[in-house]
Each structure stands twice: as C-alpha cells, then as structure tokens.
Trainee: 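Quick one: structure below, then a few questions.
Just so we're clear, the structure is a prediction, and the values are computed from it rather than from any experiment.
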Amino acid sequence: DVRAACDALHIIEGTGASIGAVALVANCKSMRTYLSVPDDPDRAGALAELSTTYMLTKSTVLASLHESRTKTTRSGTTKE
C-alpha cells in the first residue's frame, strides 16, 4: 500500500529531522522517489537501506538516552 508507506515515511522523516538524523531523512527521501515509480526494481534495496539506517539510528538514540540516565543516577541527582 503506497499511501500507507508514504504516511510512515512522513512520520519517520519528521522524527529524523527533529533529532538531526541526516542519513535517515535522506533515506526517506530516496524511498519516496522509489515509491513514486510503479514496480521500481530498486525499491527493495532502498527499503532495506532505510530499514538498516532506521535501526542504527534507533539503537544510537536509545544507547545515548541510557548512558545519560546512568550518569544522572550515578551522580545521585535522580533515582528511579
């Protein structure tokens, strides 16, 4: 479903732009181009690249948040 894919890309692209994930935003733009061409043979490759970039970005953000939380807890400022 191309419409659902475009909606998902819009959400991912917006979030990527908000956190400064330049590669993620670029992959979204690339994928949007592949979706505009029916049955583009490179679509699967573009989707795989977007998926990989998304997962790497997500992992990096989560690791950063975890590290920040750990440092704050160790300093005694906050505990949960």
Trainee: Does V25 sit in a hydrophobic cluster with other residues, and if so which ones, taking ILVMFWY side chains as linked at heavy-atom separations under 4.5 Å, directly or through other members?
Mentor: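 V25 shares its hydrophobic cluster with no other residue.
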Trainee: Under 3.5 Å, which donor-acceptor pairs do the side chains of residues 8-17 form with other protein atoms, sequence neighbours left out?
Mentor:
| residue | atom | partner | partner atom | Å |
| --- | --- | --- | --- | --- |
| E13 | OE1 | R32 | NH2 | 2.5 |
| T15 | OG1 | I11 | O | 3.0 |

Trainee: To the nearest 0.5 Å, what is the distance between CE (M31) and OG1 (T33)?
Mentor: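 Reported value, rounded in 0.5 Å steps: 9.5 Å.
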Trainee: Ignoring hydrogens and geometry, is there a side-chain-to-backbone donor-acceptor pair from T57 to T53 under 3.5 Å?
Mentor: yes
Trainee: Report, one line per pair, each donor and acceptor closer than 3.5 Å where one atom sits in a side chain of residues 39-50; sequence neighbours left out.
Mentor:
| residue | atom | partner | partner atom | Å |
| --- | --- | --- | --- | --- |
| D40 | OD1 | D42 | N | 2.8 |
| R43 | NH2 | Y34 | O | 3.4 |
| R43 | NH2 | V37 | O | 2.9 |
| E49 | OE2 | N27 | ND2 | 3.1 |

